[in-house]
J.: 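Could you have a look at this structure, given as structure tokens, before my questions?
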Amino acid sequence: MLRQYALLADGERGALIGPDGEVAWLCVPRWDSAAVCSELIGGGGVFALTPRDPRRFWGGWYEQGSLIWHSRWVTTDSVIECREALAFPGESGRAVLLRRVRAVEGAAHVRLALEPRADFGREPAGQPRRQDGVWEGRTGPVRWRLTGAADARPRREAYGQPLVWEFDLEQGGRHDIVLELADGPLPSSPPDPYAAWRATEAAWAEGRPALDGAIAPRDAHHAYAVLRGLTSDSGAMVAAATMCLPEQAEGQRNYDYRYAWIRDQCYAGLAAAATGATELVDAATSFVGARLLQDGPALRPAYTVEGDPVPDESILDLPGYPGGADRIGNRAHRQFQLDAFGESLQLLAAAARLDRLDADGVRALSLAVGAIEDRWTEPEAGIWELGPKCWTHSRLACVAGLRAVAALPGSPRRSTRCAALADTILAQTSKEALHPDGYWQRTPDDERTDAALLLPPVRGALPADDPRTRATLHAVSTSLTEDGYVYRYRHSQGALGDAEGAFLLCGFTMALAQHQQGREASAVRYFERNRAACGPPGLFAEEYDTAQRQLRGNLPQAFVHALMLECAVRLGQEPGLHLGTGSVDP
């Protein structure tokens, strides 16, 4: 079950650790590279540290504000912990996985198994070799080195020759294991585990925001750490660490999310701006701004973390996660999504209010405004990446972005231009996509409402007391919610949960919308209900199956953590409170 997996991430890649101490997912050297451990989706490759005695209980926790995870096992005779992390911040071409086993009570009896297999398990592990107590090997293009396991031995099995080591620790004892994986030559000597742990601890502590006043500070710190862990040195934040985890049991929606979506990047930057911390604001602004300067009106919805086009979708010949099928790449990169320009303006305006917008950012802002002027009437795929239509949410997202820019001091001419364009788009959208009952409908020819339409008023597209804002909130509340959870839109007349899971992004958006109306009890209820839709590691997937209480979709989903973080901060403030002022020079 996905709820049992913990995430280790260093900005350049991520690993999922399962309840038995197995690395079930790890791509090297980058997020979108082929996996060397892919058990999660039916592939090969293993790196496990597992108690040999029968387990009675399993659990774990993160050190606050970090992605340093502690696995904890209670066996028949002992309590064993394994502290684990990817050395942070990561290097672009080399992963360093740190694992420290400790015998908390009684003697620890532990088994290590290592068999990395490149290309999702299709490359053989190769013959490992030992020199001076250090094991090295190669699988496909990936080189690896294991330290701290000098007594390990290759053992021939049906699927290769994994290194296996069974070792014991007396009560209070501990032992470090370090695995390096790279797509090029490894450094001449292995890392010192104590130095690597100290550097990782310091790096996580350095970027931790205060989050004073947040209503759930521990979870807010965790959400911020997840966003940091998913953010590369390039500034790009991947939408999720994984690929092809089904959004519905036995459904067909299985996607590769190991890329940077412009929209998600903006959500994360806006959430970081709400905290007053600038690291993720700067990262998001830099990456989004660079893509606008690179592609202008042809801005793609998603990019690799290096800023390159996402590869087209193709199928892997693997069994897949139960209920899913393995697909690599993503067809969304060929779409036009208008709301990406509106979200980009919201991000760039927030950066300006924090005095974090440089000259390139100002140029990117102007390009986004121009792109909206030229393209806002065109059909496009929208936030849910569906067929090309004039999606109401996308137009209102642009209105919110234009109003945010118009409110910035420093350029009266730009302010007038943006305000006028926002008024034009809003007027036309009201004419075409306002339902007779007063709420925003999805498109001019689709009378259903959509939970995505809650967010633009929160961002300033319309006032909180505008009748259209309140009618839309009422429509979503009465037709798309169930037991504190929110669904995107109605697929049919059946039960909401029959077509897909509750959408956690929409649940946290509902909390923000209720807060904007001053309905604090309702806002906190939605916040707490959706905050609970995770497993022990506190990671959110895209959807939540309320009947089976299961996470659905890729893990962790960055935009859910971003909206959860923003909720935790905003719900601790007075409704309508905004951060800072700044200026954009003409």
Side-chain angles (χ1 to χ4, degrees), residues 5 7-10 12-18 22-48 86 90-97 113-129 135-146 154-163 179-186 232 238-246 254-259 304-306 308-322 324-331 333 554-555:
Y5 289 97
L7 170 74
L8 311 181
D10 63 6
E12 309 302 331
R13 64 201 63 84
L16 289 190
I17 305 293
E22 76 280 15
V23 177
W25 182 253
L26 175 61
C27 298
V28 173
R30 293 170 294 277
W31 292 106
D32 59 342
S33 299
V36 295
C37 293
S38 53
E39 174 188 286
L40 189 69
I41 61 170
V46 64
F47 178 34
L86 280 165
E91 301 175 17
S92 61
R94 180 176 69 124
V96 180
L97 185 53
L114 173 65
E115 185 188 10
R117 296 178 66 95
D119 195 18
F120 302 99
R122 293 179 293 198
E123 289 283 354
Q127 181 64 45
R129 59 189 179 280
W135 285 98
E136 294 185 0
R138 183 165 184 164
T139 172
V142 178
R143 308 175 193 218
W144 60 266
R145 179 165 60 194
L146 181 72
R155 191 173 78 185
R156 184 175 295 278
E157 294 182 354
Y159 297 104
Q161 292 183 306
L163 283 176
L179 175 65
E180 303 166 79
L181 303 111
D183 63 348
L186 290 162
S232 168
V238 293
T242 60
M243 53 181 276
C244 308
L245 302 186
N254 308 274
Y255 303 113
D256 187 352
Y257 281 174
R258 301 171 300 153
Y259 308 105
T304 70
V305 293
E306 292 87 8
D308 297 324
V310 172
D312 286 327
E313 189 176 275
S314 60
I315 304 296
L316 290 174
D317 186 19
L318 292 175
Y321 187 85
D326 291 333
R327 300 178 184 177
I328 190 169
N330 198 293
R331 65 176 182 267
H333 80 100
N554 284 296
L555 188 76

J.: Spell out, as yes or no, whether a donor-acceptor pair under 3.5 Å connects the side chain of Thr242 to the backbone of Leu555.
T.: yes
J.: How would you list, by chain and number, every residue that makes a salt bridge (charged side-chain N to carboxylate O under 4.0 Å, His left out) with Arg94, sequence neighbours excluded?
T.: Glu91, Glu180
J.: Measuring from atom CG of Leu97 to atom CG of Leu26, what distance do you get when rounded to the nearest 0.5 angstrom?
T.: 7.0 Å
J.: State which residues pass salt bridge (charged side-chain N to carboxylate O under 4.0 Å, His left out) with Asp183; sequence neighbours excluded, sorted by chain then number.
T.: Arg30
J.: Where do Val28 and Ala95 come nearest, in terms of heavy atoms and distance?
T.: CG2-CB, 4.4 Å
J.: Any heavy-atom pair between the side chains of Pro116 and Leu181 that's under 4.5 Å?
T.: yes
J.: Checking Thr304 now: which residues fulfil side chain to side chain donor-acceptor pair (under 3.5 Å) with it, not counting sequence neighbours?
T.: Glu306
J.: So, using salt bridge (charged side-chain N to carboxylate O under 4.0 Å, His left out) as the criterion, who are the partners of Glu123 when residues are at least two apart?
T.: none
J.: Any chance you could measure Leu186, atom CG, to Arg138, atom CZ, to the nearest 0.5 Å?
T.: 10.0 Å
J.: I'd like to know if the side chain of Trp25 reaches the main chain of Val36, judged simply by a donor and an acceptor atom lying under 3.5 Å from each other, with no hydrogens or angles considered.
T.: no
J.: Who are the side chain to side chain donor-acceptor pair (under 3.5 Å) partners of Ser38, not counting sequence neighbours?
T.: none
J.: Please round to the nearest 0.5 Å and tell me the distance separating atom CD1 of Ile17 and atom OH of Tyr5.
T.: 10.5 Å
J.: Nearest 0.5 Å, what's the CG-CD1 distance between Leu245 and Ile41?
T.: 8.0 Å
J.: Report the residues that fulfil ring-ring contact (aromatic ring centres under 6.0 Å, His included) with Tyr257, sequence neighbours left out, ordered by chain and then residue number.
T.: Trp261
J.: Identify the heavy atoms of Ala15 and Val23 that sit nearest to each other, and give their distance.
T.: CB-CG1, 4.2 Å
J.: Which residues pass the side chain to side chain contact (heavy atoms under 4.5 Å, CB included) test with Ala9, not counting sequence neighbours?
T.: Leu7, Trp31, Leu67
J.: For side-chain contact (heavy atoms from CB on, under 4.5 Å), just list the numbers for Leu316 and Met243, CA-CA rounded to whole Å, side-chain angles, deciding distance to a tenth of an Å, and then say yes or no.
T.: CA-CA 11 Å; Leu316 290 174; Met243 53 181 276; 3.7 Å; yes
J.: Which heavy-atom pair separates Pro154 from Gln127 by the least distance, and what is that distance?
T.: CG-NE2, 4.4 Å
J.: Check side chain to side chain donor-acceptor pair (under 3.5 Å) between Arg122 and all other residues, then give those that pass, not counting sequence neighbours.
T.: Asp119
J.: Looking at residues at least two apart in the chain, or sitting in another chain, which of them share a salt bridge (charged side-chain N to carboxylate O under 4.0 Å, His left out) with Asp312?
T.: Arg334
J.: Between the side chain of Arg13 and the main-chain N/O of Ser92, is any donor-acceptor distance below 3.5 Å?
T.: yes
J.: Of all residues at least two apart in sequence or in a different chain, which pass the side chain to side chain donor-acceptor pair (under 3.5 Å) check with Asp256?
T.: Arg258, Tyr259
J.: Kindly give the heavy-atom pair with the smallest separation between Ser232 and Val305, and that separation in Å.
T.: CB-CB, 4.2 Å
J.: For Arg129, which residues count as a side chain to side chain contact (heavy atoms under 4.5 Å, CB included) partner, sequence neighbours excluded?
T.: Glu136
J.: For Cys27, does its backbone N or O pair with a side-chain atom of Ser33 as donor and acceptor, under 3.5 Å?
T.: no
J.: I'd like to know if the side chain of Asn330 and the backbone of His333 have a donor-acceptor N/O pair within less than 3.5 Å.
T.: no
J.: Heavy atoms only: give me the nearest Leu163-Pro128 pair and the separation to one decimal.
T.: CD2-CG, 4.0 Å
J.: Decide yes or no on side-chain contact (heavy atoms from CB on, under 4.5 Å) for Leu40 and Leu16, but give the supporting numbers first.
T.: CA-CA 9 Å; Leu40 189 69; Leu16 289 190; 3.7 Å; yes
J.: Take Leu179 and Leu114 through the side-chain contact (heavy atoms from CB on, under 4.5 Å) test and state the conclusion after the steps.
T.: CA-CA 9 Å; Leu179 175 65; Leu114 173 65; 3.9 Å; yes
J.: Return the minimal non-hydrogen interatomic distance between Arg327 and Tyr255, and the atom names on each side.
T.: NH1-CE2, 4.4 Å
